[in-house]
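A quick write-up on the structure given underneath.
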There are 2 protein chains.
Amino acid sequence: MKLSTKGRYGLRAVLDIALHSEEEAVALSTIAERQSISISYLEQLIAKLKKAGIVSSTRGAKGGYILAKAPSMISVGEILRALEGNLDPVDCAEIVGGETTCNASDICVTKYVWKRISDSINSAVDNLMLSELVEESKARLKEGLDDKSMNDSMC
Amino acid sequence: MKLSTKGRYGLRAVLDIALHSEEEAVALSTIAERQSISISYLEQLIAKLKKAGIVSSTRGAKGGYILAKAPSMISVGEILRALEGNLDPVDCAEIVGGETTCNASDICVTKYVWKRISDSINSAVDNLMLSELVEESKARLKEGLDDKSMNDSMC
DNA sequence: CAAAAGACCAACTAAAATACTCGGAATTAA
DNA sequence: TTAATTCCGAGTATTTTAGTTGGTCTTTTG
């Protein structure tokens with residue numbers, strides 16, 4: 001029941017882009033260094049984010065990444081799902097009402113447990129917008145904490 | 001971000017015990033067969049449940065397992081944590097307020113995301129009691145669905 | 001125009017976690 | 001005393017995770 005590094009690194013990367021791409025696109029290598037993530041691994045994560053329409057890129061020298069839309073239009077749920085796949089605690093079609101996989105579906109009681117967990121996770125992350133994280137970060141930076149110490153945090 | 005078979009099988013096992021141990025203790029082999037779970041794997045899961053004080057056992061012939069307390073006193077959260085370890089989405093001390101691991105803690109913004117997810121999962125499972133699942137199961141059985149088809153459900 | 005900076009892509013690999021299996025010892029009812 | 005059962009520790013196969021490697025395509029800039 002753990003988020004993988006995909007979700008953890010990826011969210012940090014998006015936040016990094018949100019905070020640093022106002023003037024110009026940020027290069028993968030810059031994010032990787034600032035966040036202490038392997039550049040080639042990060043590449044894969046950003047690819048997912050791009051495919052999901054969360055970030056957009058410009059190639060070539062001076063290229064890099066920016067957000068594809070306003071941070072207030074990007075939910076944390078959207079980001080995490082792009083990176084991790086769905087956030088459901090089990091891969092059970094019934095959770096979303098399908099009838100395919102688990103065909104003894106309507107007598108499956110534990111599925112209500114999974115649905116309950118699923119709903120709570122999704123509503124938690126879908127109601128949290130990237131913009132809120134951006135505001136929080138900026139507020140903390142203003143309190144005199146420099147950018148560098150910011151990036152050392154591993155959570 | 002998936003529950004492992006430990007949590008899935010284990011919860012089904014506890015529910016099985018709750019539903020079948022009113023007269024006499026249920027043997028591991030019975031649960032395993034009824035739930036289509038490998039007996040020797042299930043053994044390990046039940047051991048965790050026992051250590052957590054959720055089930056209790058009697059050894060020897062005619063032995064088996066019963067619940068260690070009333071189903072209304074056992075939360076689904078308690079069961080899942082016994083099986084899976086904590087349900088936090090990341091192993092980050094700061095999530096619970098500690099100061100040990102992640103020492104750039106107070107400038108770590110993503111931790112609020114993890115805390116939010118963590119809280120929502122835990123409150124969802126802690127407010128759901130085993131007794132509710134038992135009631136639900138019994139209600140479904142009364143509707144004419146036999147015990148066997150019940151156990152075929154994989155969720 | 002060349003060369004550096006950068007995104008993009010597809011495989012490959014090492015390590016860790018998961019999902020088991022196996023062999024036996026201790027306990028108890030019949 | 002024997003069959004049924006829990007209990008225990010170790011071993012293993014498979015899958016997933018967390019990367020790495022080596023290269024191609026694109027764009028700016030000297």
Side-chain angles (χ1 to χ4, degrees), chain A residues 1-13 16-17 20-21 24-52 54-68 80 83-86 89-91 154, chain B residues 1-13 17 20-21 23-52 54-68 80 83-86 89-91 154:
Chain A
M1 201 57 184
K2 294 280 177 274
L3 233 36
S4 70
T5 55
K6 293 195 195 86
R8 302 207 312 278
Y9 294 179
L11 180 60
R12 273 163 59 202
D16 188 280
I17 294 171
H20 297 100
S21 68
E24 51 189 1
V26 285
L28 195 58
S29 56
T30 310
I31 305 170
E33 191 182 10
R34 198 152 41 200
Q35 299 295 330
S36 313
I37 299 172
S38 140
I39 181 169
S40 28
Y41 185 45
L42 187 57
E43 199 183 305
Q44 295 174 38
L45 308 185
I46 301 260
K48 288 171 189 274
L49 293 166
K50 196 189 169 189
K51 185 148 48 172
I54 292 165
V55 303
S56 66
S57 62
T58 53
R59 303 183 67 165
K62 281 274 171 186
Y65 297 92
I66 57 171
L67 293 181
L80 292 180
L83 295 158
E84 298 267 343
N86 76 58
V90 298
D91 279 329
M154 305 307 286
Chain B
M1 201 56 183
K2 293 280 178 274
L3 233 36
S4 71
T5 54
K6 293 194 195 85
R8 302 206 314 276
Y9 294 178
L11 180 59
R12 273 163 59 202
I17 294 171
H20 297 99
S21 68
E23 324 235 307
E24 50 188 2
V26 285
L28 195 60
S29 56
T30 310
I31 305 169
E33 191 182 9
R34 197 152 43 202
Q35 298 295 330
S36 313
I37 299 171
S38 141
I39 181 169
S40 28
Y41 186 45
L42 187 57
E43 199 183 306
Q44 296 174 37
L45 309 185
I46 301 261
K48 288 171 188 275
L49 293 167
K50 198 191 167 189
K51 184 147 49 170
I54 292 166
V55 303
S56 65
S57 62
T58 53
R59 302 183 67 167
K62 281 277 172 183
Y65 298 91
I66 57 171
L67 294 182
L80 292 180
L83 294 158
E84 298 266 344
N86 76 58
V90 299
D91 280 328
M154 306 306 288

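Model, not experiment: these values are computed from the prediction. Letters go in sequence order (proteins before strands), and every chain restarts at 1. Just so you know, these numbers use all the heavy atoms, side chains as well, and skip hydrogens, waters and symmetry mates.
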| field | A/Lys50: salt bridge (charged side-chain N to carboxylate O under 4.0 Å, His left out) partners, not counting sequence neighbours | value | none

| query | Within this structure, what is the CD1-to-C1' distance between A/Ile66 and C/dG6, rounded to whole angstrom? | reply | 15 Å

With the criterion being N/O to N/O and under 3.5 Å, what pairs connect the protein with nucleotides 26-30 of chain D, and how long is each?
unit_1: D/dT27; atom_1: O2; unit_2: A/Ala61; atom_2: N; d: 3.2

| query | Expressed in angstrom and rounded to an integer, what is the separation of A/Ile39 atom CD1 from C/dA5 atom P? | reply | 12 Å

| request: Would you mind classifying the nucleic acid contact of B/Lys50 as base, sugar-phosphate or nothing, using non-hydrogen atoms under 4.0 angstrom? | output: sugar-phosphate

| message | If I take atom CD1 in residue B/Ile46 and atom P in nucleotide D/dT6, what distance separates them, rounded to the nearest angstrom? | response | 9 Å

| request: Indicate, with a heavy-atom threshold strictly under 4.0 Å, whether B/Ser40 touches base, sugar-phosphate, or nothing. | output: base

| remark: From NZ of B/Lys51 across to C1' of D/dC7 the rounded distance in Å is 12 Å

| task | In whole angstrom, give the distance that lies between atom CG of A/Leu3 and atom C1' of D/dT17. | result | 13 Å

| said: For A/Ala52, give me all partners under side-chain contact (heavy atoms from CB on, under 4.5 Å), at least two apart in sequence or on another chain. | reply: A/Ile54, A/Ala82

| said: Please confirm whether the shortest side-chain N or O distance from B/Ser57 to OP1 or OP2 of D/dC7 is below 4.0 Å. | reply: yes

| task | Kindly determine whether A/Thr5 and A/Tyr41 satisfy side chain to side chain contact (heavy atoms under 4.5 Å, CB included), including the steps that lead there. | result | CA-CA 10 Å; A/Thr5 55; A/Tyr41 185 45; 2.9 Å; yes

Report each atom pair, protein N/O against N/O of nucleotides 8-16 of chain D, whose distance is under 3.5 angstrom.
unit_1: D/dC8; atom_1: N4; unit_2: B/Glu43; atom_2: OE2; d: 2.6

| Can you check whether B/Thr5 has a side-chain N or O nearer than 4.0 Å to OP1 or OP2 of C/dA19? | yes

| With sequence neighbours excluded, residues passing side-chain hydrogen bond (donor to acceptor under 3.5 Å, both in side chains) with B/Lys62 | none

| said: Taking only side-chain N and O atoms of B/Lys6, does any of them lie within less than 4.0 angstrom of OP1 or OP2 on C/dA17? | reply: no

| query | Atom CG in B/Leu83, atom CD in B/Gln44: separation rounded to 0.5 Å? | reply | 11.5 Å

| message | Can you list everything that forms a side-chain contact (heavy atoms from CB on, under 4.5 Å) with A/Thr58? Sequence neighbours excluded, please. | response | A/Ala25

| query | OP1 or OP2 of C/dC20 sitting under 4.0 Å from any side-chain N/O of B/Tyr9? | reply | yes

| task | Starting from P on C/dC8, measure out to CG on A/Leu49 and report it in whole angstrom. | result | 12 Å

| Of all heavy-atom pairs between B/Gly10 and B/Leu45, which one has the smallest distance, and what is that distance? | N-CD1, 4.1 Å

| query | Could you state the CZ-C1' distance from B/Arg12 to C/dA19, rounded to the nearest angstrom? | reply | 14 Å

| remark: Of all heavy-atom pairs linking B/Ala32 and B/Ser38, the shortest is CB-C, 4.5 Å

| said: Ignoring hydrogens, what is the shortest heavy-atom contact between A/Lys48 and A/Lys6? Give both atom names and the distance. | reply: CE-CD, 4.0 Å

| message | Quick check on D/dG19: is either OP1 or OP2 less than 4.0 Å from any side-chain nitrogen or oxygen of A/Ser38? | response | no

| said: For a quick test of reading the model: is some side-chain N or O of B/Tyr41 closer than 4.0 Å to OP1 or OP2 of C/dC22? | reply: no

| field | Intermediate values then yes/no, side chain to side chain contact (heavy atoms under 4.5 Å, CB included), A/Ile31 and A/Ile37 | value | CA-CA 8 Å; A/Ile31 305 170; A/Ile37 299 172; 6.0 Å; no

| task | Mind calculating the distance between NZ (A/Lys48) and P (C/dA7) to the nearest angstrom? | result | 19 Å

